[in-house]
Participant: 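Okay, here's the structure, questions in a sec.
All ligand and atom numbering here is 1-based and tracks the order in the structure.
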Amino acid sequence: MKILVTGGAGFIGSNLVKRLLEKGHEINVLDNLLRGNKLDKESFKNITFFKGDVRDANLVLTASKGCDAIYHFAAVLGVDIVADQPIETMDVEVIGTRNVVEAASINNIKYLLYASTSGIYSHSAILKSALSEDVLVDPRTSYAMAKRYNEIYLAAHHDERGLNVISLRFFNVYGHNQDNRMVVPRFFEQAINNEPITVYGNGAQTRDFTYIDDTIDACVSLLGINGSHIINIANEEEWTIKDLAENIKKITDSTSPINYIDAPKKRYDYEVERRVGSSSQLMKIVGYKPDVNLLEGLHKIYYINHSSHVLNKI
Ligand code: UDP
């Protein structure tokens, strides 16, 4: 297939592009490179790159010409950044997705896979069992509202115009080469530098961490599915942030103290006590679900970082 990946130079996008190239697809990437370029040299050589913003309708139209599918992953991301820029976040989501849908319609594109978020469950996550897609969502932030708006918009577009759509609800994706907007790379950086590891609150809040390779397996296996779907991509393991901090400290053999501090005020609306997902819908559709457990994933990151550090010194 010929495929456009918006946000293809970001953490999830660049890993997706690499895998799609390995599978023999022809890839276009549209990215504004605001946070740099995470595509490796080999991938970059083998794609057609469009530098710019998804809010630019003409650019999205050009970048998706002749494509069979679009992975729409461009977004403003990271709790601190989203909280500082709620208008920009909403604009990129709403205008960007509108442009992608319009381009899909004009260019006769069959499949659209959209990066949504487990953040839209918000406080529904207090439920005792793992979250499934039919749980009543509870978006309370601009970011979560915009993601939910787009899920509904895409489902409506499927019903009205027949575009095959999948909204992917990612659960705390982590892996090598992620930047420290997210908690896992942030704790690694603090631990490796033997600086205090900053746990917000008492660290009893939980998250479901999904390893990047598993996430990409899921994204790729969902390509070419007809219909309209909302699908969790979750590891189904619930970890406290305290345990995350302790394990990263142990793996890195760090002398960092673990400091329990108040979360920045702007994070309050985003914080949820509990988040764990069910991937049974994913399993039902593609016969697969994420299976790298958090400890294994953390070791992989440390090993990759450590070996590239050693290689750089040779
Ligand atoms: N967190 C933390 N210390 C940090 C950054 C994050 O304790 O320096 C916690 C945060 O309170 C949240 C979890 O780690 O409970 C995940 O945060 P992140 O921003 O990575 O993603 P979120 O799930 O909040 O979207």
Participant: With Phe187 as reference, evaluate Thr252, Ile248, Ile192 under the side-chain contact (heavy atoms from CB on, under 4.5 Å) test and give the passing residue.
Facilitator: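 Answer after filtering Thr252, Ile248, Ile192: Ile248.
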
Participant: Using distance alone, determine whether Tyr270 and ligand 1 share an N or O pair under 3.5 Å.
Facilitator: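 Between Tyr270 and ligand 1, no N or O pair is found under 3.5 Å apart.
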
Participant: Determine, for Lys45 against Glu42, whether the closest basic-nitrogen to carboxylate-oxygen distance falls under 4.0 angstrom.
Facilitator: yes

Participant: With atoms numbered from 1 as shown, which atoms in ligand 1 lie under 4.0 angstrom from a non-hydrogen atom of Val79?
Facilitator: 19 (O), 24 (O), 25 (O)

Participant: Indicate whether any N or O donor in one side chain lies under 3.5 Å from an N or O acceptor in the other, for Ser256 and Gln190.
Facilitator: no

Participant: Return the residue, atom name and 0.1 Å-rounded distance of the protein heavy atom closest to atom 13 (C) of ligand 1.
Facilitator: Ile241 CD1, 3.6 Å

Participant: Relative to the heavy atoms of Asn172, which atoms of ligand 1 are at a distance of less than 4.0 Å?
Facilitator: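 Listed by number with element: 21 (O), 22 (P), 23 (O).
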
Participant: Looking only at N/O atoms, are Gln190 and ligand 1 under 3.5 Å apart anywhere?
Facilitator: no

Participant: Among all protein heavy atoms, pick out the one at the shortest distance from atom 15 (O) of ligand 1; state its residue, atom name and that distance to 0.1 Å.
Facilitator: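 Of the protein heavy atoms, Glu271 OE2, 2.8 Å lies nearest.
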
Participant: Do the two ring centres, one from Phe188 and one from Tyr174, sit under 6.0 Å apart?
Facilitator: no

Participant: May I ask you to decide if the ring planes of Phe171 and Tyr121 are parallel, tilted or perpendicular, using 30° and 60° as cut-offs?
Facilitator: tilted

Participant: Is there a salt bridge (Lys or Arg N to Asp or Glu O under 4.0 Å) between Glu151 and Arg148 once you walk through the steps?
Facilitator: CA-CA 5 Å; Glu151 288 186 353; Arg148 180 61 185 145; 2.7 Å; yes

Participant: Is there a polar contact, in the sense of an N or O pair closer than 3.5 Å, between Val183 and ligand 1?
Facilitator: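 There is such a contact, yes.
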
Participant: Considering the heavy atoms of Val199, write down every atom of ligand 1 situated less than 4.0 Å from one of them.
Facilitator: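 Once the distances to Val199 are compared, the set is 7 (O).
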
Participant: I need the atoms of ligand 1 closer than 4.0 Å to a non-hydrogen atom of Thr198, numbered in the order shown.
Facilitator: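 What qualifies from ligand 1 is 2 (C), 3 (N), 4 (C), 7 (O), 8 (O).
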
